[in-house]
Amino acid sequence: RFDRQVYVPMPDVKGREEILKVHVRKLRRVDDLDLERIAKGTPGFSGADLANLLNEAALLAAKRGRDKVTTAEIEEAKDKVLMGKERRSLVLTLEEKKATAYHEAGHTVVGYFTPGADPIYKVSIVPRGRALGVTQMLPEKDRYDQNREELLAKIRILMGGRCAEEIFLGKITTGAGNDIEKATQIVRNMVMRWGMSKELGPVNYGEPEEEVFLGREITRRAHLSEYTAERIDREIHDIISTAHREATEILNRHRDKVEFLAAKLIEKETIEKRELDEIFEERTAKDKGDDLPSSGADPAPTPASPMPRGTSA
């Protein structure tokens, strides 16, 4: 029957756990391998993705001379599948490393202090694929839709890297190009397809999916009036500008955390979630202590910044 359609969705967290149980039977592994945790950390993975994840983990274990797959190999394999292979052969200059560290620290700090944002799983300045650094965020549970506030939080986080470059380096780089592209696409969908614009209301200004052909991009707005097209462009610009301003305000309020995290990244290159939580809790507690009334004694000298601030271009 050609009129029947069968929709096969990606497996949910329980489905991923059951798929993992099938594939790990072929592996020699440690007894305490937490399949539930792996399933929770792989939202959006298909069955083939999960099989590939375990195959990569087995290859890593073999390269290290181990006879069993451990959690460490699983985590590293997941990074490879999600973010690409590490490019250790790519040697960055100190200036490039510093710029990448501040960029990723900007994403991380904005994400940490943005309500509704996904938890930050890992931040790294080790080049992977085409990226010089990565801030990895994973949802705590499977998500099937997103509200306007969650999308605005995502845009704010995407702008955090660019804002950190402006504040702490005094110049901007091409490293934010992909972030700006993603943010613009999210906002465009919010305004044109999902009816999330307060200015334009719940109207769909998009076009149905169709095959790409020569000249489509030139004529794709033919059904919109000039006035409406201008309003759409203005609304997209206003939403992104607001997110940029809010990200800047967060970074200015937490300058010490950005400086501290950037220095840690330059030193260690990769910081996991547990250490990130410790860093933010420790720095937040210190900030609260600094706000307490003075006992009358002379204040202690302010410690030097972990690394020098970037100079203006």
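No side-chain heavy atom of Leu50 sits under 4.5 Å from any side-chain heavy atom of Ile38. By the 4.5 Å heavy-atom criterion applied to side chains, Val123 and Val134 are not counted as neighbours. Using a 4.5 Å heavy-atom threshold, the side chains of Met190 and Leu152 count as touching. In this structure the side chain of Trp194 never reaches within 4.5 angstrom of the side chain of Arg148, judged on heavy atoms. Ile232 has its side chain within reach of Ile236: a pair of non-hydrogen atoms, C-beta onward, lies under 4.5 Å apart. Arg29 has its side chain out of reach of Thr70: every pair of non-hydrogen atoms, C-beta onward, lies at least 4.5 Å apart. Looking only at side-chain heavy atoms (C-beta outward), Asn204 and Met192 stay at 4.5 Å or farther from each other. Residues Cys163 and His244 have side chains in contact (heavy-atom distance under 4.5 Å, counting atoms from C-beta outward).
Arg156 contributes no side-chain N or O that, together with a main-chain N or O of Val110, makes up a donor-acceptor pair within less than 3.5 Å. In this structure a side-chain-to-backbone donor-acceptor pair under 3.5 Å is present from Glu104 to Thr135. Remark: the backbone N or O of Thr248 is paired with a side-chain donor or acceptor of Asn252 at under 3.5 angstrom. Here the side chain of Arg28 pairs no donor or acceptor atom with the backbone of Lys68 at under 3.5 angstrom. When atom types are taken as modelled, the side chain of Thr42 and the backbone of Phe45 share no donor-acceptor pair closer than 3.5 angstrom. A donor-acceptor contact shorter than 3.5 Å is absent between the side chain of Arg193 and the backbone of Tyr205. A donor-acceptor pair under 3.5 Å is formed between the side chain of Ser46 and the backbone N or O of Asp49.
For the atom pair Glu235 CD and Glu230 CD, the distance stands at 14.0 Å (nearest 0.5 Å). Here OG1 of Thr100 is found 4.5 Å from CG of Leu132. Values are rounded to the nearest 0.5 Å. For the atom pair OH of Tyr102 and CG of Leu169, the computed distance is 7.0 Å after rounding to the nearest 0.5 Å. Rounding to the nearest 0.5 Å gives a distance of 9.5 Å between CG of Leu60 and CD1 of Ile74. For the atom pair OG1 of Thr174 and CD of Glu165, the computed distance is 8.5 Å after rounding to the nearest 0.5 Å. The distance from the CG atom of Leu261 to the CG atom of Leu276 is 6.5 Å, given to the nearest 0.5 Å.
Contact check on Arg162 versus Glu166 returns a salt bridge, with a Lys/Arg side-chain nitrogen under 4.0 Å from an Asp/Glu carboxylate oxygen. Using a 4.0 Å cut-off between charged nitrogen and carboxylate oxygen, Arg66 and Glu73 count as a salt-bridge pair. Contact check on Glu275 versus Lys268 returns a salt bridge, with a Lys/Arg side-chain nitrogen under 4.0 Å from an Asp/Glu carboxylate oxygen. Electrostatic pairing of Lys40 and Glu36 counts as a salt bridge here, judged by a charged N lying under 4.0 Å from a carboxylate O. The pair Lys98-Glu95 does not count as a salt bridge, with every side-chain nitrogen at least 4.0 angstrom from each carboxylate oxygen.
Listed here is the closest heavy atom pair of Val13 and Ala39: O-CB, 3.6 Å. Nearest approach of Ala164 to Gly106, heavy atoms of both residues: CB-CA, 3.7 Å. When all heavy atoms of Ala243 and Met159 are compared, the pair lying nearest together is CB-CG, 4.3 Å. Across all their heavy atoms, Ile19 and Pro11 have their closest contact at CD1-CG, 3.9 Å. The minimum heavy-atom distance between Pro43 and Gly41, with the atom names listed, is CD-C, 3.2 Å. Closest of all the heavy-atom pairs between Leu265 and Ala105 is CD1-N, 4.2 Å.
A side-chain hydrogen bond (donor to acceptor under 3.5 Å, both in side chains) with His103 is found for one member of Asp179, Thr173, Thr108 and no other, namely Asp179.
Ring orientation note: the planes of Tyr112 and Phe280 are close to parallel, at an angle under 30° on the 30°/60° scale.
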Test log, rule side chain to side chain contact (heavy atoms under 4.5 Å, CB included), inputs Val187 and His237
CA-CA 9 Å; Val187 178; His237 179 271; over 6 Å; no

The test is side chain to side chain contact (heavy atoms under 4.5 Å, CB included); show your working for Glu259 and Asp256 and say whether it passes.
CA-CA 5 Å; Glu259 295 272 10; Asp256 64 316; 5.6 Å; no

What verdict does the side chain to side chain contact (heavy atoms under 4.5 Å, CB included) test give for Leu158 and Ile186, after you've listed the backbone C-alpha separation in whole Å, the side-chain angles of each residue and the deciding distance to 0.1 Å?
CA-CA 11 Å; Leu158 285 168; Ile186 293 172; 4.1 Å; yes

Glu56 vs Lys78, test: salt bridge (charged side-chain N to carboxylate O under 4.0 Å, His left out). Steps then yes/no.
CA-CA 8 Å; Glu56 291 288 350; Lys78 183 166 66 175; over 6 Å; no

Walk me through whether Phe113 and Lys257 qualify under side chain to side chain contact (heavy atoms under 4.5 Å, CB included).
CA-CA 11 Å; Phe113 292 99; Lys257 298 178 182 66; 3.6 Å; yes

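Linking Ile, Leu, Val, Met, Phe, Trp and Tyr whenever their side-chain heavy atoms come within less than 4.5 Å puts Val30 and Leu53 in one cluster. Connection of Ile250 to Ile180 is not established within any shared hydrophobic cluster, with ILVMFWY side chains joined at heavy-atom distances below 4.5 Å, either directly or through further cluster members. A continuous path of Ile, Leu, Val, Met, Phe, Trp and Tyr side chains, each step under 4.5 Å between heavy atoms, connects Val191 with Val203, placing both in one hydrophobic cluster.
Side-chain contact of Asp238 with Ser241: a donor-acceptor pair under 3.5 Å is absent, judged by distance alone. At a cut-off of 3.5 Å, with distance as the only test, no side-chain donor of His107 or Gln136 sits close to an acceptor on the other residue.
Enclosure of atom NZ in Lys122 by more than 12 non-hydrogen atoms of other residues, nucleotides or ligands within 6.0 angstrom is indicated. By the 6.0 Å contact criterion, CD on Glu181 is open, its count of non-hydrogen atoms from other residues, nucleotides or ligands being 12 or less.
Seen from the ring of Phe168, Arg255 counts as a face-on cation partner, given the 6.0 Å and 45° thresholds.
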